[in-house]
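What follows is one structure encoded as structure tokens, with my remarks underneath.
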Amino acid sequence: MKILLLSHNPIATSNNMGKTFLSLFGAFSNDEICQFYIYPSVPDTDKCSSYFRLTDKNVLKSAVVFPAQGTGVCPQENQHRLFENAIDEKVYGNPKNKRPFRMLARDLMWKLSRWNTRALNEWIQGQKPTHIFVAPGTAKFIYDIALKISRRYSLPIITYICDDYYFVTPHATALGRFQQASSQQDKRTSL
């Protein structure tokens, strides 16, 4: 068995989700896990046999000119920070990113992009996963990615919904409720 872990953050000791992954997969050997993630971060542990990263910046560029250029990533011990650089930390840490319009725009950007590249598919084929473990959050596009990979490679999906995303208070605005509804529909589809 080999797990393809699909998430926003890499397995790392520098953030809560990364620590949760370390806990969940503590009994697995590193050759039983590979990870595809989207934050501009670098893992600080070699828990996975291989890491592949495709960021929002890569995807934004692909919407205009080229297919998204994801890349393999090597863990960097002693990194211990969520983002690779201060600019990314500032951009991703902006509280306005949680507003419904920006969340919908991000989902649309991923939907219109060419993220499903030859490099990603060659990486998946080389890793030979048998299952997908997805830890999604509020973004709709992560469900789309999981479903596309699942269908292409006939892989079952295991979904891990954390407490912050399980009990969701309905948004106060119509746009916010629309964004939540689109993500909720994808949760039901992937389960």
According to the side chain to side chain donor-acceptor pair (under 3.5 Å) rule, which pairs have a member within residues 17-29, sequence neighbours left out?
S29-D31, S29-E32
Decide side chain to side chain contact (heavy atoms under 4.5 Å, CB included) for R53 and V42; before the verdict, give the C-alpha distance in whole Å, the side-chain angles of both, and the deciding distance to 0.1 Å.
CA-CA 9 Å; R53 179 180 70 190; V42 176; 4.0 Å; yes
With side chains defined as the heavy atoms from C-beta onward, is the minimum distance between I158 and H131 less than 4.5 Å?
yes
Between Y51 and C34, does a side chain to side chain contact (heavy atoms under 4.5 Å, CB included) hold up when you go through it step by step?
CA-CA 6 Å; Y51 296 89; C34 58; over 6 Å; no
Minimal non-hydrogen separation, P136 against V134, with atom names:
CD-O, 3.5 Å
CA sep, side-chain torsions, deciding dist, call: F36, I132, side chain to side chain contact (heavy atoms under 4.5 Å, CB included)
CA-CA 10 Å; F36 172 32; I132 297 172; over 6 Å; no
With L22 via side-chain contact (heavy atoms from CB on, under 4.5 Å) - residues at least two apart:
I11, T13, T45, K47
Let me confirm one number: the NZ-CG distance from K128 to L4, rounded to the nearest 0.5 Å.
14.0 Å
For a quick test of reading the model, state the closest non-hydrogen atom pair linking H8 to I38 and the distance between them.
ND1-CD1, 3.0 Å
Go through the structure and list residues passing side-chain contact (heavy atoms from CB on, under 4.5 Å) with Y153, not counting sequence neighbours.
N121, I124, Q125, I149, L155
Measuring only between side-chain heavy atoms, which start at C-beta, is C48 closer than 4.5 Å to N30?
no
Salt bridge present between D144 and K140 (N-O < 4.0 angstrom):
yes
Side-chain contact test, heavy atoms from C-beta onward, threshold under 4.5 Å: evaluate it for W123 versus R118 and give yes or no.
no
Partner set under ring-ring contact (aromatic ring centres under 6.0 Å, His included) for F28, not counting sequence neighbours
F25
Once side chain to side chain donor-acceptor pair (under 3.5 Å) is applied, do any residues pair with S49, and if so which ones, sequence neighbours excluded?
K2, Q127
Using a distance-only test with no angle check, is there a side-chain donor-acceptor pair under 3.5 angstrom linking D56 and W110?
yes
Spacing of CD1 belonging to I145 relative to CH2 belonging to W115, to within rounding of 0.5 Å
5.0 Å
Evaluate Q35 against I3 for side chain to side chain contact (heavy atoms under 4.5 Å, CB included), listing each step before the verdict.
CA-CA 8 Å; Q35 186 175 25; I3 303 294; over 6 Å; no
Name of the residue among Y160, Y39, Y37 meeting side chain to side chain contact (heavy atoms under 4.5 Å, CB included) with S7:
Y37
Could you list the residues that satisfy side chain to side chain donor-acceptor pair (under 3.5 Å) with S150, not counting sequence neighbours?
none
